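Taking it in order: structure first as structure tokens, then the write-up.
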Amino acid sequence: MQLDPLVKPRSVAVVGATDRGGPGRAVMESLGAIGFTGPIYPVNPNYATVLNIKCYPTLMELPEAPDIVIFSIRNPLIPEQMQLAVKRGARAAVIYDSGFAELGAEGAKLQDEIAGLAREARMPVCGPNCMGILNPPARVTTYKQNVIEPNAIVGNVGIVSQSGSVCIALLSDLRRFGISLAVSAGNEAVTRTVDYLDYLIDDPNTKVIATFTETVREPERYVAALDRAADAGKPVVVIKVGRAERTRRAITSHTGGLAGSSRVFSELLRAHRAIEVSDLDEMTEVLAVCQGTRWPRGRGISVITGSGGLSELILDNATALGLDLPPLSPDERAEAQRVIGRTSGDGNPFDAWGNGNYAVNIPHAMSVVDKSERIDAICYCNDASNDPIIGQPSRVFENTEMLIKAASASTKPYYLFSTRSGVMNRKQVDAMREAGLVVIGGTRQGLCALDRVGRWSQVLKPLHKGTTSQVTLAEHRNRHTINEFDAKRLLASYNIPTTREQRVETADRAAAAARALGYPVVLKAVSDAIAHKTELGVVAVNLKSEDELRRAYVQLNERLDTLNPRPADAAFLVQEFVRGGVEVFAGVSRDPDFGLSLAFGMGGVAIEVVRDFALRMLPLREGDAEAMIAETRGAALLQSVRSGEATDVESLTRCLYALADFAQHNAAHIAEIDLNPIKVLPKGRGCVVVDALIVTQQDK
């Protein structure tokens, strides 16, 4: 669907135009203010003119088919007017009014009627329940707020928001960036976020894209658009709200319960090089960082201050946020102190007050950190605001000149950094902007924005190249769950280490199996119908003799008899008892929109309570498994068990990659996989999957 008539129309018809205040009048006035040169056609049978422009009784009486029709009327009137717009040959439409799908079934029916007319005519539509579209570079607007300073809003940020209020909020502060296109998409009855994304990726005026998203429609296209934006060098900055489960579904495995839609969406954005933020403060700072001529190419940040107290505050916050503030090396520290005198801390943040010679010390500090290979972005911390009532106003511009001079001699990005978000001096902002530099604010918001852009700039590692097996789940696709014994056999074909065990159906065979394995052993009931054995009490561990085994067999068999009905495929596993080690879990789950993800965390019965886990979308990239293990709070347990021995993390890493390979190669048939627990043994002894469950993807 061609979006040009929607985002940069050459002629505009306003249905419902009046001289009274309202959206129709605001758009007409804004079209004049922004410099629109095409014809404007007010449509209203009650007026001869609107704002001194000839007004037409109906769309059918316009002298030409308009590129776009703006419906500034109430929703019951829109279907009839949409039919006329289609009949007249209009090429796009904007619908402001609410009362459609957001209100329930009746509204959805009305929205579907309008959408059907538009789709049949291949007409892009913004809305309903929206604010419209603002396109400053093209000198055109259908956005229903008045444009006051048209020259001050032009820039390189493309905004797509499903919330009109978020559009208003972002457009309310354009001190540090301007707009290439702002879309209040509303209900997206026809034209959707992904359509606008595709347009902005190809738009030469757009350098960075900001989206506020409640619902992702057409997930496959959305993911493809994120990839295309990253390849084009355009960051997509995303706020996603409405993070509850999108669908009600039966969750059989622990992993399915952990990997909710919020975590999956976050990992999806990371995997496809989008930048996720949690609020508008964070989004604004990322957009500001992207205005610089140079961007951070890595995560190393140096903050230069003239205050020991601020240095400590910034370091505390940066450490808690996981930011990378590399300390000065011994040689760098020596060079700094040669000029500055004594410096506190480890040099990052760099308290450069020293001997008090401000004009010498700050530039020297900048030159020292500029030469460090570990530093990717340099910030000078200096709070300033408009209309200061205390201090030395001249110092504000001395700081600006000092920073601009240091940046001009460097290949790295420099930033003027205010400790509070939103606090800045407008003249300072303008001077920095003219030099290709940026003012950022907020210890959390500003520094995290540098980190986010630094992460985005790093090249993604290649996809992990695993091994394949001839064994697949295709022959098991009619089984909803695959029991532990069969699941382990499938997993073992991908070199996933599993316990030694035998499936038996009598007490005598159980005893024979135990003698072959060697005591102690574990006895478990096994059936496709029993997903969680512990909850049903059909597991007995650490059985040290045949007498204990036989007694346990009788007890477990009796418990199976209490099930209604007793599973027809019920049998028993006699399994080696694995002593020691650290219990972890790994699992795979399917998001209904975005596919398979891998979870890893500390194992045992409390995983859903502790919730100490890492998540990655499949397929994995090189280094993902290692990073997942390191991200968990319990990773320290793997470094040394109680005996003081480190565990076999290398074996665990191979196990995670193998599980990812198995899942990826059988993706069409997998809903969930649970490996819990996996016992990670002392270094050199490997790891072993003690229990496993596979839930297959059922045809709908």
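Because the structure is predicted, anything quoted here is derived from the model rather than measured. Hydrogens, waters and symmetry mates are skipped; everything else that's a heavy atom, side chains included, is used.
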So among Thr284, Val286, Val289, which one has a side-chain contact (heavy atoms from CB on, under 4.5 Å) with Ile440? Val289
Would a 4.5 Å heavy-atom cut-off, applied to side chains only, mark [X] and [Y] as touching?
X      : Y      : value
Gln2   : Pro5   : yes
Arg455 : Asp451 : yes
Arg175 : Arg433 : no
Ile304 : Cys381 : no
Tyr41  : Val69  : no

Go through the steps for Glu29 and Arg25 under the test salt bridge (Lys or Arg N to Asp or Glu O under 4.0 Å), then give the verdict. CA-CA 6 Å; Glu29 289 176 336; Arg25 175 172 179 144; 2.8 Å; yes
Restricting to pairs with a member in residues 321-333, which pass salt bridge (Lys or Arg N to Asp or Glu O under 4.0 Å), not counting sequence neighbours?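 Every pair satisfying salt bridge (Lys or Arg N to Asp or Glu O under 4.0 Å) with a residue in residues 321-333: Glu332-Arg374.
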Per-pair distances, 0.1 Å, donor-acceptor, side chain in residues 129-140, under 3.5 Å, sequence neighbours excluded:
residue: Asn129; atom: ND2; partner: Asn187; partner atom: OD1; Å: 3.2
residue: Asn135; atom: OD1; partner: Ala138; partner atom: N; Å: 3.2
residue: Asn135; atom: ND2; partner: Val7; partner atom: O; Å: 2.9
residue: Arg139; atom: NH1; partner: Ile34; partner atom: O; Å: 3.2
residue: Arg139; atom: NH2; partner: Asn151; partner atom: OD1; Å: 3.1

Show, in sequence, the C-alpha distance, side-chain angles and deciding distance for Phe350 and Thr305, and conclude whether the side-chain contact (heavy atoms from CB on, under 4.5 Å) test is met. CA-CA 6 Å; Phe350 190 160; Thr305 79; over 6 Å; no
Please check this pair: side chain of [X] against backbone of [Y], looking for a donor-acceptor N/O pair closer than 3.5 Å.
X      : Y      : result
Thr206 : Asp202 : no
Ser418 : Gly441 : no
Gln291 : Leu287 : yes
Asp19  : Leu51  : yes
His272 : Ala225 : no
Asn146 : Ile148 : no
Lys234 : Ile201 : yes
Ser410 : Ala407 : no
Gln162 : Thr215 : yes
Thr213 : Val216 : no

Euclidean distance, [Y] [atom2] relative to [X] [atom1], rounded to 0.5 Å:
X      : Y      : atom1 : atom2 : result
Ser184 : Gln145 : OG    : CD    : 9.5 Å
Ile239 : Ser278 : CD1   : OG    : 7.5 Å
Asp624 : Lys461 : CG    : NZ    : 8.0 Å
Ser344 : Glu312 : OG    : CD    : 7.0 Å
Ile375 : Asp370 : CD1   : CG    : 10.0 Å
Leu437 : Leu416 : CG    : CG    : 9.5 Å

Using the ring-ring contact (aromatic ring centres under 6.0 Å, His included) criterion, which residues pair with Trp353? Sequence neighbours excluded. none
Would Val303 and Phe417 satisfy side-chain contact (heavy atoms from CB on, under 4.5 Å), going step by step from the backbone distance to the final call? CA-CA 8 Å; Val303 181; Phe417 168 57; 4.2 Å; yes
Go through Val94 and Val27 one step at a time and tell me if the side-chain contact (heavy atoms from CB on, under 4.5 Å) criterion holds. CA-CA 12 Å; Val94 175; Val27 169; over 6 Å; no
Please test Cys167 against Tyr143 for side-chain contact (heavy atoms from CB on, under 4.5 Å), starting from the C-alpha separation and ending with a verdict. CA-CA 10 Å; Cys167 251; Tyr143 188 74; 3.9 Å; yes
salt_bridge([X], [Y]) N-O dist < 4.0 Å:
X      : Y      : value
Asp195 : Arg221 : yes
Asp67  : Arg10  : yes
Glu218 : Arg192 : yes

Return yes if a side-chain donor-acceptor contact under 3.5 Å exists between [X] and [Y], otherwise no.
X      : Y      : answer
Asn205 : Asn156 : no
Ser311 : Asp351 : no
Thr419 : Asp383 : yes
Glu188 : Thr193 : yes

I'd like to know whether [atom1] of [X] has more than 12 heavy-atom contacts from other residues, nucleotides or ligands below 6.0 angstrom.
X      : atom1 : value
Glu102 : CD    : yes
Arg420 : CZ    : no
Asp231 : CG    : yes

With Glu285 as reference, evaluate Arg176, Arg452, Arg444 under the salt bridge (charged side-chain N to carboxylate O under 4.0 Å, His left out) test and give the passing residue.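 Answer after filtering Arg176, Arg452, Arg444: Arg176.
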Start with the C-alpha gap between Phe265 and Phe594, add the side-chain angles, then the distance that decides, and say whether ring-ring contact (aromatic ring centres under 6.0 Å, His included) holds. CA-CA 8 Å; Phe265 191 75; Phe594 299 115; 5.7 Å; yes
